[in-house]
Amino acid sequence: MARRFVTLDVFTEQRLAGNPLAVVLDAEGLDTAAMQAIAQEFNLSETVFVLPPTEARHRASLRIFTPGRELPFAGHPTVGTAVLLALQDPSRGDARAFGLEERIGIVPCVVETLADGSGGRARFRLPILPEYLGPGPEPAFLAPLLGLKPADIGTGRHAPSRHGVGPSFTCVPVGSVTALDAARPAQAPDPNDGLYLYTPDPEGTGQSWRVRMFAPNFGVTEDPATGSAASAFAGVLMQFEALGDGTHDVAIRQGEAMRRPSDIALQLTIEAGALRSVEIGGAAVIVADGTLHV
């Protein structure tokens with residue numbers, strides 16, 4: 001059977017940057033094993049399969065796969081697929097809102113597309129808030145795993161911690177961009193986690209961070225941009241940063257070490273000292289389209 005697919009670069013406005021994504025349209029009739037095999041064939045960090053929604057008021061139902069397993073939710077697939085689905089609507093350029101059904105729940109999206117049909121920008125709100133999963137391993141354990149020194153682990157008040165938004169992450173602060181760039185990809189001590197390294201961005205203003213994410217246990221040695229990890233990072237900021245009530249915009253730069261620079265916009269809303277909402281936003285641009293014969 002012929003099935004349409006599109007590839008996009010996500011969290012970037014430039015082709016051949018950001019995080020590549022494959023989106024398989026017309027995915028009805030594919031079982032889980034077939035979807036996993038197709039994701040292995042594309043061999044990108046994630047592949048999305050678009051299915052009809054279970055409720056007519058939603059735009060689509062999504063299943064998301066890495067080369068190694070299915071995910072309940074992921075950020076760059078949500079942004080890229082939201083932009084692609086909006087581009088398929090008759091009117092372009094106008095902002096529109098719709099829900100995407102993912103295993104984590106209904107993900108509300110707002111999308112604005114480019115008039116030439118080449119891409120757009122999307123923002124989505126998490127249907128759940130980040131969950132604190134406990135402290136991370138000690139620096140003395142993490143440092144040799146990453147090819148660093150124990151003194152490289154930690155920045156300001158930050159210490160290793162674990163946070164989840166469906167997918168879970170061991171979040172490791174490092175003291176400098178030099179240490180971040182020197183870290184070697186490794187599997188998180190907890191096999192269910194990705195390993196998320198972060199440090200303040202010396203070139204940024206306000207809440208600006210440089211990050212890397214490793215997940216060889218999921219078939220992803222290093223990811224150029226990880227929206228789910230950025231979502232979990234909201235929990236890190238709530239734990240270690242003195243953020244007051246209001247809306248906080250956070251700039252996250254990822255993918256530099258891979259020469260796939262990616263920019264993720266994270267927004268936290270805090271009321272009465274508690275995290276009330278988390279939003280992730282970014283751009284996506286179409287790279288290629290074609291047909292699968294499976």
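Keep in mind that this is a model prediction, so the values were computed, not measured. Computation of the quantities below employed the complete heavy-atom set of this structure, encompassing side-chain atoms and omitting hydrogens, waters and symmetry-equivalent molecules.
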Next on the checklist: Ignoring hydrogens and geometry beyond distance, is a side-chain donor-acceptor pair present between Asp223 and Ser45 at under 3.5 Å?
Outcome noted: yes

Checklist entry - Roughly how far apart are Tyr198 OH and Leu180 CG, rounded to 0.5 Å? => result 11.5 Å

Checklist entry - Excluding sequence neighbours, so at least two apart, what forms side chain to side chain donor-acceptor pair (under 3.5 Å) with Glu222? => result Arg212

Checklist entry - For atom CD of Glu203, is the number of surrounding heavy atoms from other residues, nucleotides or ligands below 6.0 Å larger than 12? => result no

Contacts table for residues 266-276: side-chain donor-acceptor under 3.5 angstrom, sequence neighbours left out:
| unit_1 | atom_1 | unit_2 | atom_2 | d |
| --- | --- | --- | --- | --- |
| Gln267 | NE2 | Asp249 | OD1 | 2.8 |
| Thr269 | OG1 | Ser277 | OG | 3.3 |

Item to check | Pair listing, side chain to side chain donor-acceptor pair (under 3.5 Å) test, anchored in residues 250-260, at least two apart | outcome: Asp9-Arg260, Thr226-Gln254, Arg253-Glu256, Arg253-Asp263

Next on the checklist: Walk me through whether Arg59 and Arg96 qualify under side-chain contact (heavy atoms from CB on, under 4.5 Å).
Outcome noted: CA-CA 11 Å; Arg59 183 63 177 81; Arg96 69 210 65 192; over 6 Å; no

Checklist entry - Do Asn19 and Ser262 have side-chain N/O donor and acceptor atoms under 3.5 Å apart? => result no

Item to check | Pairs meeting criterion ring pair (Phe, Tyr, Trp, His ring centres under 6.0 Å) with involvement of residues 99-139, two or more places apart | outcome: Phe73-Phe124, Tyr132-His163

Checklist entry - Taking the inter-plane angle between the rings of His158 and Trp209 on a 0 to 90° scale, is it parallel (under 30°), tilted (30 to 60°) or perpendicular (over 60°)? => result tilted

Item to check | 4.5 Å side-chain heavy-atom contact, Pro160 and Pro135 | outcome: no

Item to check | Qualifying ring pair (Phe, Tyr, Trp, His ring centres under 6.0 Å) pairs with a residue from residues 259-294, counting only residues at least two apart or across chains | outcome: none

Checklist entry - Closest heavy-atom contact between Val83 and Thr113? => result O-CG2, 4.1 Å

Checklist entry - In terms of side-chain heavy atoms, does Gln207 have a donor or acceptor partner in His248 at a distance below 3.5 Å? => result no

Item to check | Name of the residue among Thr47, Val48, Thr32, Leu30 meeting side chain to side chain contact (heavy atoms under 4.5 Å, CB included) with Arg63 | outcome: Thr32

Next on the checklist: Within a 6.0 Å radius of atom CD on Gln40, are there more than 12 heavy atoms belonging to other residues, nucleotides or ligands?
Outcome noted: yes

Checklist entry - Does CD in Gln14 sit with more than 12 non-hydrogen atoms of other residues, nucleotides or ligands closer than 6.0 Å? => result no

Checklist outcome for this item: Residue pairs passing the salt bridge (Lys or Arg N to Asp or Glu O under 4.0 Å) test with at least one member in residues 121-147, sequence neighbours excluded, are Glu13-Arg121, Arg123-Glu279

